[in-house]
2 protein chains.
Amino acid sequence: MAGRAAVPEVIWARPERTGRGPRPAYTRADIATAAVKVADEGGLDAVSMRHVAAELGCGTMSLYNYVPRKEDLYELMVDAVGGEHELWEPSGDWRADMRRVAQQTRVLMHRHPWMTRLMSPVYGFSPNALRYLEHCLACLDPLDARYGMKMQLVGMLNGCVTSYVATELAAAERTRSLPWSAEEESAVRVAYLGGVLAGGAYPRMAAAFTETSGPIDLDGAFESMLERMLDAFAQRG
Amino acid sequence: MAGRAAVPEVIWARPERTGRGPRPAYTRADIATAAVKVADEGGLDAVSMRHVAAELGCGTMSLYNYVPRKEDLYELMVDAVGGEHELWEPSGDWRADMRRVAQQTRVLMHRHPWMTRLMSPVYGFSPNALRYLEHCLACLDPLDARYGMKMQLVGMLNGCVTSYVATELAAAERTRSLPWSAEEESAVRVAYLGGVLAGGAYPRMAAAFTETSGPIDLDGAFESMLERMLDAFAQRG
DNA sequence: GCCCACTACGTACGGTGTACGTAACTAGGA
DNA sequence: TCCTAGTTACGTACACCGTACGTAGTGGGC
């Protein structure tokens, strides 16, 4: 019975403290906080083992005592942000509760814009993910359906919110990080898109673009998306 | 009027050939194909400027003549995969057509598993994205709604499909890349999750897990998600 | 009290994106 | 027609990355 293969355990299954040897200087929460701070201030690309260790005040390689791979650091970060969800006593109106959950998720993702890039393997059952999911299920108690279906609802909601916010943030980033004025950028885009669309190969896209002139109501579009989604589950219960 | 700032143009707005100087040795399509091949064979992490250049058969820095930043290389890859969508004459049944579109997207993402990680800034209006969107809108002609709403439908569908496939692939990856047997892994997970859930803090999660024993019908769940989504738009048209 | 697992951390290696400089080439204007 | 300026091609170099490995010190279990 050789010693287990080196790495691939889920980090949440590994105990934070084993009882032997010196006391660890930091908790997992400390590390997550430091990593989140680095990401908030410098973007996800600033999250390197060196930077996080420096933020924490320890040597680079010491981090590896807590976090076997960088990927696990990401997992800690996602869990930490998940912990920012403020939960409440379910109201009895599952639509209202789920709307509130989704709105809160959107707010969290705006607060931590790097989150959309870490959402690929959604819900690895970290502690805060469990807490969050349990709360969602509690909110959905009034809905007469199997748990499988409720999980599906939560999954779809999260998928849509994530992709919505990702688009939202990408658009914001594009206009913010620009060395030229917004008008000039807009002109460039119009020149390109307009040029392509004027070709006549994509008449419906052209119509879609002329349909909505002026700034888009992002909040309204989000609400609308939400209602659609909730409709889908209200209908067939 | 100083020369424009260095980089941040959208790559699709930059002409592939300017007319001056020697003929480029490769086309954008060549580069996209090479990068996709590297990603398919070695995963997204294998996509480095060096590897792609080697696959292409040129020096590393020559790539930068075609692709100003690595991010643009990703954009080329996403566009190339978008080109794999096989389009058809709309049938007149928008639900059937959109179902087919979504199923095709899922197939593409299984063929190129790295795609789910590149979908954050969905649809930067690359050529094949335009082609794809125009096709979706054509399929939605029978649906009596504004283009804004149809775009919303396409966006939500893509968001859900992406997040669904991402979860699907993450689960598959987890069981595949394992040094231990699937049973042993399962045992570890059960030990962790079971341990947490047995605590009684998450009764609904525990119930959800006991509800569905045995393997999950991934195709069925996908279809189910799709129908939900289409229902939502059929309802309020 | 001893042992050994554990923490801490410096060094080092192979890899990354890309700024910069140089040489060859070719289309447009004289 | 030739010149020149913009482009392609690509090697070198730099700062930074994840992390394997070795060493030293610490403190709980036998």
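Quick note on labels: first sequence line is chain A, next is B, and so on, each numbered from 1.
- As judged by a 4.0 angstrom heavy-atom cut-off over every strand, A:Tyr26 is placed among residues making no nucleic acid contact.
- Among the atoms of the strands shown, only primed sugar atoms or phosphate atoms (P, OP1, OP2) are found under 4.0 Å from some heavy atom of B:Ser48.
- Judged by atom type and distance alone, B:Arg50 does not reach the base of C:dG15 through any side-chain donor-acceptor pair under 3.5 Å.
- A straight line from CE of A:Met49 to C1' of C:dT11 spans 17 Å, rounded to a whole angstrom.
- Here D:dT19 presents its P atom at 9 Å from CZ of A:Arg69, a figure rounded to the nearest Å.
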Only pairs under 3.5 Å count here: list side-chain donor-acceptor contacts from residues 53-62 of chain B, not counting sequence neighbours, and write none if there are none.
from    : atom 1 : to      : atom 2 : distance (Å)
B:Glu55 : OE2    : B:Lys37 : NZ     : 3.1

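- A centroid separation of less than 6.0 Å is found between the aromatic rings of A:Phe209 and B:Phe125.
- The nearest whole Å value for the distance from the CG atom in A:Leu73 to the P atom in D:dG18 is 9 Å.
- Between A:Ser62 and C:dC9 there is a side-chain polar atom (N or O) within less than 4.0 angstrom of OP1 or OP2.
- A salt bridge between B:Arg117 and B:Asp45 is present, with a side-chain N of the basic residue lying under 4.0 Å from a carboxylate O of the acidic one.
- As a whole-Å value, the separation of A:Asn65 CG from D:dA20 C1' is 14 Å.
- Going from atom NE2 of A:His51 over to atom P of D:dC16 covers 7 Å, rounded to whole Å.
- Judged by a 6.0 Å distance limit and a 45° cone about the ring axis, B:Arg106 is positioned over the six-membered ring of B:Phe222.
- A:Met61 has its CE atom 8 Å from the C1' atom of D:dC21, to the nearest Å.
- The phosphate of D:dT8 (OP1 or OP2) has no side-chain N or O of B:Tyr64 nearer than 4.0 angstrom.
- Residue-to-nucleotide proximity on DNA chain C shows that, of B:Thr60 and B:Pro22, the 5′-proximal contact is made by B:Thr60.
- Atom P of nucleotide D:dG18 and atom CG of A:Asp45 are separated by 10 Å, given to the nearest angstrom.
- As rounded to whole Å, 8 Å separates atom P of D:dC17 from atom NZ of A:Lys70.
- For the atom pair SG (A:Cys136) and CG (A:Asn158), the distance works out to 7.0 Å, reported to the nearest 0.5 Å.
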